[in-house]
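Take a look at the structure set out below.
Below, chain A is the first sequence line, B the second, and so on; all start at residue 1.
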Amino acid sequence: MSLTDLTPEQLAVVDATAPSMIVRASAGSGKTTVLVAKYIRYVTEGGMSPAEVWTVTFTRKAAAEMKRRIVAELDRLGFSAAAQQAETGPIQTLHSACERILRENSLAAGLDPEFEIIEGHVRSAMVREALRNSVADMIERSPEASRLVDHLAGVRQYGFGSPLDSALEQTVSRLTEKLRAAGLRSQEVALDYADEEAVVRLWCQEMTAEARQSWPESPEINDALSASKAAQGLAERRLGVPEWLSSFSLEDADMTSGLVQLAVATWERLEALMMERQAFDFTSLESLAVRLIEQDAGVRERLSCQVRALLVDEAQDLNPNQYRLIDSIDAPFKMLVGDFQQSIYRFRDADPRLFLERAEQWPVFPLSVNHRSNKAVLDAVDQVFGFWWGEGLNRMEPSLRAEAPPVQAIELWTVDHKDTEGLAALVRQLVDEGHTPKSITLLCRDNKAMNDHARRLSRHGVPHQVIGGSETLYTRMEVRDIGNALRALVDQEDDDAMACFLHSPFVGLSLDGVVSALADRPLSRSLPTLALENEFDQSALDKFQSWFWPLQRRAARLSVWEVLSALFAESPYFESLARDPEATQRLANVRKLLSLAIDRPELSAHDFADQIREIQKLRHREGLGETMDDEADAVTIMTIHGSKGLEFETVVVPDTFKRPQNRDRVASDPRRGLVATRYSAKSSAFQMLQESDRRQEDAEAKRLVYVAMTRARKKLCLAVGGSATPLAAAIAKALGFPDHMPKGVHIREAPGP
DNA sequence: GGGTCTCGAGTTTTT
DNA sequence: CTCGAGACCC
């Protein structure tokens, strides 16, 4: 890359001297190129040192890529000293930036400079501890909280939530997380929800504000605006305002008060706990950094000398707290790069409206040339999103150098979104028609779907690799196998574990064999003398006898990784696993588990087995082991979230994004500090919040489709058939399905059942 | 196009 | 249990 290769739009960004600016970077518009070029300009002509140009991304991967390109470019231009500085400089994720600020100013922040960062189950254990303490405490102190606890104690959880997590604990901990990430002050929230009266007053205020927007002139609403009237019991007196506006259930106001009080207490307790142990999670890193900068003039001063430019990537995915961080840093140049249309991190409290608001205030530099996709793909994107967003869509120009689209660039696949079998058959067709597997990528919404597609593709003999996903590591078969193996080794009473273990690849007994073994219990006593009819089973059993009992005698005295090493060395586990079609992934998972075990040498096999079981119950997530393989000629399967920033020759969008139904009894808009419950009747506050939540969720579902479609370079296949979801139906309709499809859009029929 | 009934599924994405 | 989609009916 050199500056002469930049488009006029890109050059405008690099040349701009505005102190703060927004870059509206459409998909494939070369935003990383521009960020790198801007950085280079600052360093090579702006007299800044790499240490002074803070470059912030969301993912480690993006940060690494950014750094790689910056360093390479500085080297190429002969700035080798600067390249070296950039290598260790502040090109990093937002969370590492927070961490850096806190460690460098630990004295001012009142932190141990060696503080720990916690995630995963260590973190949730701490949340739970805080929660239990604060519940116990609040039952005594708050009548509202105690009424809520009584109420929830009688509520049964449907679905398969862990029995460990009561309805109460789930509800409170989730609300706590939301409030924590919203950048609010706990004392203020507590005040707003101090009792039933306060809650009704707050709801009334917000509802009337909301109603004002729809009916600005309504006199009834003016009436209702009087907060004192509201507090006297709007629900009873029905002030002649539209019913939905006044239908607050006082009982629900009471329980909402109790719930928020519990969440705030948990939040404060959790902060205290983290401080006490000097162990913080990501949310805390953010808010500690914000607090430090906002409240300490000295730190602010130091930072403003340190940071001469602040470049923020993927700014549409910043949450309110992160915006505060960006705003609190006093840098002479700030540049936010993002695309509203690609905001897909709502679940992490990303609020793309903040980006839009900022774009009203700061000069906006658009990057509208797409250097990735051919014209057919861009046209399809235009049609679908023009249909949804109208003038709101930022249309993209095809690059002058774009390749001509293939004959059949856009395909609508008439498979049902549930029919993964049919979809796999169609992928098979693509391969048979000459598309190489590695040119094809399936972009799924969730991990469950990824694994389903993977299995179907196996059945059709299509090579594939699943990237990144995180099907719960601890529920994967091999992890289960290992958990059972450990338990069978350390707990002689546990016949269930032993039975599963016998059937697992560690031993390899057939189900019949296991059943006959189970005839005589306990297994630890009967097994040594067991004889089986089936000769394969018998030989598997003999092999098992030879290594299992000696290991069992030692197991209690060994640490878990020693036990695991012995297990792997002596059982036929790896040989059996190697025959599995998903062997690579499975081995990676086993390796990952082993490395977890090696990290904790103090754990006994018993502890570790307990931990696996506990975590399985909690359905906790741990990333799977990495298995990226660029060389393999295999269809790639990944989530849309994982695909962000990447591009693929042919993209298949196999599922059509059904919004999971929301059974929550708590609705909230943390940005406004609003919470409502519906434990008794449905209150209008609850309905308002739930509806707005749904609207936002639906809007994000569309943006997900946008991200997926704009990953394609040459060819795009969209599953829209069968019992299509509303979203899929709209996509099909926008593309003229079935009778008015423009040139280049084709139908591929699902094969018969 | 809208109202009612039945049946199935059951909160996902990740720094 | 409870919601919502889809079927079925008018």
Side-chain angles (χ1 to χ4, degrees), chain A residues 56-64 92-99 117-120 123-124 154-162 165 167 170-171 173-174 177-178 181 280-286 289 312-314 317-319 321-322 325 342-350 416-418 443-452 467-473 619-624 638-645 655-667 678-679 682 687 690-691 693-694 696-698 700-701 703-705 707-708 722-729:
Chain A
V56 174
T57 65
F58 269 94
T59 66
R60 268 166 241 190
K61 208 169 83 190
Q92 56 198 151
T93 65
L94 196 113
H95 292 106
S96 343
C98 292
E99 185 188 342
I117 295 170
I118 52 170
E119 43 187 323
R123 193 196 79 96
S124 42
V155 173
R156 216 151 37 98
Q157 281 283 98
Y158 286 88
F160 37 105
S162 150
D165 271 344
Q170 266 185 31
T171 312
S173 64
R174 286 179 48 192
E177 287 314 305
K178 281 198 151 171
F280 305 97
D281 66 357
F282 291 129
T283 309
S284 275
L285 287 184
E286 284 166 20
V312 182
D313 194 15
E314 305 278 15
D317 285 325
L318 293 167
N319 70 28
N321 228 356
Q322 293 163 342
L325 182 80
Q342 295 183 68
S343 174
I344 54 173
Y345 282 92
R346 208 171 89 81
F347 69 95
R348 232 172 43 193
D349 307 298
D416 192 288
H417 72 280
K418 287 181 204 147
L443 295 182
C444 307
R445 170 130 198 206
D446 57 57
N447 298 304
K448 226 169 52 196
M450 293 203 309
N451 291 294
D452 199 13
I467 303 294
S470 53
E471 181 186 5
T472 318
L473 174 66
R619 296 186 297 156
H620 218 104
R621 285 170 186 289
E622 281 279 342
L624 290 184
M638 67 197 307
T639 63
I640 296 173
H641 286 86
S643 78
K644 217 168 169 202
D655 60 29
T656 45
F657 320 113
K658 222 165 82 167
R659 165 162 46 73
Q661 66 178 351
N662 179 2
R663 286 173 296 121
D664 248 340
R665 290 174 176 278
V666 180
R678 39 153 264 219
Y679 286 116
K682 257 192 195 181
Q687 257 162 5
Q690 197 187 39
E691 257 164 49
D693 193 65
R694 232 172 245 177
Q696 289 178 54
E697 195 62 38
D698 287 343
E700 183 153 301
R703 297 194 296 263
L704 266 168
V705 179
V707 171
S723 65
T725 61
L727 216 50

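Atom-to-atom, CE of M450(A) to P of dT12(B) comes out at 13 Å; the value is rounded to the nearest Å. If you measure from atom CE of M638(A) to atom P of dT13(B), you get 14 Å, rounded to the nearest angstrom. Straight-line distance from the CD atom of Q690(A) to the C1' atom of dG4(C): 12 Å, rounded to whole Å. Atom NZ of K644(A) is separated from atom P of dT13(B) by 16 Å (rounded to the nearest Å). Atom pair E314(A):CD and dT13(B):P shows a separation of 19 Å (rounding to whole Å applied). Distance, E700(A) CD to dT12(B) P: 15 Å, rounded to whole Å. Rounding to whole angstrom units, NZ of residue K178(A) and P of dT14(B) are separated by 18 Å. A straight line from CD of E177(A) to C1' of dT11(B) spans 16 Å, rounded to a whole angstrom.
Within the 4.5 Å cutoff, side-chain heavy atoms of M638(A) are placed close to those of L443(A). Inter-residue side-chain proximity for Q92(A) and E99(A) is flagged as unmet; no heavy-atom pair is nearer than 4.5 Å. Between V56(A) and Q322(A), every side-chain heavy-atom pair lies at or beyond the 4.5 Å cut-off.
Positionally, the nearest nucleotide of DNA chain B for R174(A) lies more toward the 5' end than for the other of R174(A) and Y345(A).
In this model, the phosphate group of dC3(C) is approached by a side-chain N or O of R678(A) to a distance below 4.0 Å at OP1 or OP2.
Here Y345(A) pairs with F347(A), H641(A) under the ring-ring contact (aromatic ring centres under 6.0 Å, His included) rule; sequence neighbours left out. The salt bridge (Lys or Arg N to Asp or Glu O under 4.0 Å) check on R346(A) picks up D693(A), E697(A), with sequence neighbours excluded.
Between the P atoms of dC1(C) and dT12(B), the separation comes to 23 Å (whole Å). Atom P of dT11(B) sits at a distance of 14 Å from the matching atom of dG4(C), rounded to the whole Å.
The R445(A) side chain lies nearest to dT12(B) when the options are dT12(B), dG4(C), dT13(B). Of the candidate nucleotides dC3(C), dT12(B), dT14(B), dT14(B) has the atom lying nearest to any side-chain atom of T639(A). Of the candidate nucleotides dT14(B), dT12(B), dC3(C), dT12(B) has the atom lying nearest to any side-chain atom of D446(A).
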